[in-house]
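Both backbone and side-chain heavy atoms feed into the values below; hydrogens, waters and symmetry mates do not.
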Protein chains: 2
Amino acid sequence: MTEQVNLAQLVARRSSVVDLEDVCPVRSVISQVGDKWSTLLLGSLAEKPYRFGELRRLVPDISQRMLTQTLRDLQRDGYVERQVFPTKPPSVEYRLTPLGRALVDALQSLVDFALANHAAVVEARQRFDAENN
Amino acid sequence: MTEQVNLAQLVARRSSVVDLEDVCPVRSVISQVGDKWSTLLLGSLAEKPYRFGELRRLVPDISQRMLTQTLRDLQRDGYVERQVFPTKPPSVEYRLTPLGRALVDALQSLVDFALANHAAVVEARQRFDAENN
DNA sequence: CAGGATCCAAAAAGATACTG
DNA sequence: CAGTATCTTTTTGGATCCTG
């Protein structure tokens with residue numbers, strides 16, 4: 001049974017001496033998940049394994065540089081597995097690890113929140129921008 | 001009853017013609033939450049309302065420029081409310097709105113994931129870095 | 001006290017060209 | 001096909017000085 005810790009307690013815990021990333025598990029996770037492409041790639045791979053080129057087509061705006069780098073970061077954190085098939089030309093398949101799948105599950109409540117409240121956020125933004133010309 | 005939509009479906013939905021932020025509610029939310037200070041401030045404000053200077057002391061590494069800016073963004077999105085007391089010198093209090101409270105709640109499962117799996121992530125990183133010299 | 005304004009350094013991301 | 005390398009642009013964040 002894992003202890004329940006909320007955000008507030010977590011803030012209280014953190015130290016200012018060392019780097020935030022190192023001391024705060026939440027930031028360590030979110031800073032990766034929060035980057036520009038990670039959620040999109042995780043979402044794609046949640047469906048099924050894909051190859052490099054397929055991912056590129058699924059997320060057309062991404063540059064191949066960012067695709068390489070983001071996949072690499074996801075792999076580094078243990079969310080994604082990379083399997084090379086020594087064909088000619090080579091093909092590489094990416095798939096979610098169990099940890100990656102757990103992350104996607106944890107993301108779900110945030111996805112639900114976003115879908116349920118996106119309109120409210122957009123409206124809040126418009127009102128704010130209108131009020132502050 | 002809100003429909004359940006998972007990340008994969010969401011990816012399938014998005015269009016590449018318009019800006020990601022506009023079309024993808026998840027990215028619209030996460031890109032704000034994923035920045036360097038938002039979670040820390042939300043976590044602080046989840047406890048109780050605070051004034052500008054108090055927040056500054058609670059999150060000592062933050063510069064007042066970033067504190068101002070992050071609070072402003074959170075306010076703009078409707079997560080945080082700003083109340084000015086016309087004392088002299090003035091004091092300003094920040095508090096979570098109901099929407100902000102809902103966001104903090106939605107963040108909880110990610111917090112749980114992070115706490116439960118942070119060690120695994122760190123280990124994965126070390127292994128990855130070792131293998132790729 | 002709670003910021004606004006400016007300037008500057010660093011990091012992230014895009015474009016393009018090249019390779020096993 | 002699946003990248004790497006390099007260059008440039010954009011974004012982010014910090015430091016400092018100023019004000020109602």
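Within the 4.5 Å cutoff, the side chain of B:V121 has heavy atoms near those of the A:L99 side chain. Counting heavy atoms from C-beta outward, A:F128 and B:D77 have side chains that stay 4.5 Å or more apart.
OP1 or OP2 of C:dG14 lies within a sub-4.0 Å distance of a side-chain N or O belonging to A:K36. In terms of phosphate contacts, B:R57 brings no side-chain nitrogen or oxygen within less than 4.0 Å of OP1 or OP2 of C:dA2. Put simply, A:R65 has no side-chain N or O that comes within less than 4.0 Å of OP1 or OP2 on C:dA13. Residue A:R51 places none of its side-chain N or O atoms closer than 4.0 Å to OP1 or OP2 of D:dC1. Between B:Y50 and C:dC1, a side-chain N or O to OP1/OP2 separation shorter than 4.0 Å is absent.
Rounded to an integer number of Å, the gap from A:Q64 CD to D:dT4 P is 10 Å. Residue B:M66 contributes atom CE, which lies 12 Å from atom P of C:dG4 at whole-angstrom precision.
Within the nucleic acid shown, B:R56 has no heavy atom closer than 4.0 Å to any nucleic acid atom. Residue A:Y94 is in sugar-phosphate contact alone, with no base atom involved, counting any heavy-atom pair closer than 4.0 Å across all strands shown.
Between B:Y79 and the choices B:L45, B:L74, B:L41, the side chain to side chain contact (heavy atoms under 4.5 Å, CB included) rule is met once, by B:L74. Checked options A:R101, A:R82, A:E81; the residue passing with A:R95 is A:E81 (criterion: side chain to side chain contact (heavy atoms under 4.5 Å, CB included)).
Across B:S44 and B:Y50, no two heavy atoms sit closer than the pair O-CE1, 3.4 Å. The nearest pair of heavy atoms linking B:V80 to B:L96 is CG2-CD1, 4.2 Å.
Taking only side-chain atoms of B:F52, from C-beta outward, the nucleotide of D:dG3, C:dA13, C:dA2 with the closest atom is C:dA2. Comparing D:dG14, C:dG3, C:dA2 against the side chain of B:R82 picks out C:dG3 as the nearest. Listed candidates were C:dG20, D:dT16, C:dC1. Nearest to the side chain of B:P90 is C:dC1. Each of C:dG3, D:dG14, C:dG14 was ranked by its minimum atom distance to the side chain of B:V92; first place goes to C:dG3.
Counting heavy-atom neighbours within 6.0 Å of B:K48 NZ, excluding the residue itself, gives a total above 12.
Of all the residues in residues 68-81 of chain A, A:T68 reach under 4.0 Å from DNA chain D with at least one non-hydrogen atom.
Each of A:D35 and A:P89 was matched to the nucleotide of DNA chain C holding its nearest heavy atom; the match closer to the 5' end belongs to A:D35.
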